[in-house]
Amino acid sequence: MFGTRQPSAAGFDHVYRPAPAGPLGDLMGERWTGRSMVIYRDGTPDEFCFWGCSGDQQTMPASTPASSSR
């Protein structure tokens, strides 16, 4: 996917799409999962990149009040 074992920030930015349809979609897990990788600069680890899917994306009825004062 990156063409190297030491991807750079530019290489990651080139393939990253924040959706399952993007190039990293096959690396996305189910809800409540995440992935990480090391980003390199000049052959040296420089950053960590994290992506994934939270589990808090449940659909709530629009009329559900946050609290009730009955």
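The structure presented is a predicted model; accordingly, all values stated were derived computationally and were not measured. Nothing fancy with the numbering, it's 1 onward along the sequence.
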Closest approach of P45 to V38 (non-hydrogen atoms, all atoms of both residues): CB-CG1, 3.7 Å
Under the ring-ring contact (aromatic ring centres under 6.0 Å, His included) test, residues paired with F12 that sit two or more places apart: Y16, W51
Cluster check I39, F50: I/L/V/M/F/W/Y, side chain < 4.5 angstrom: no
G43 to Q6 - nearest heavy-atom pair and separation: CA-OE1, 3.4 Å
Pairs flagged by salt bridge (Lys or Arg N to Asp or Glu O under 4.0 Å) wherever residues 38-54 is involved - sequence neighbours left out: R41-D46
Hydrophobic cluster of W32, others only, ordered by chain and residue number, side-chain cut-off 4.5 Å: none
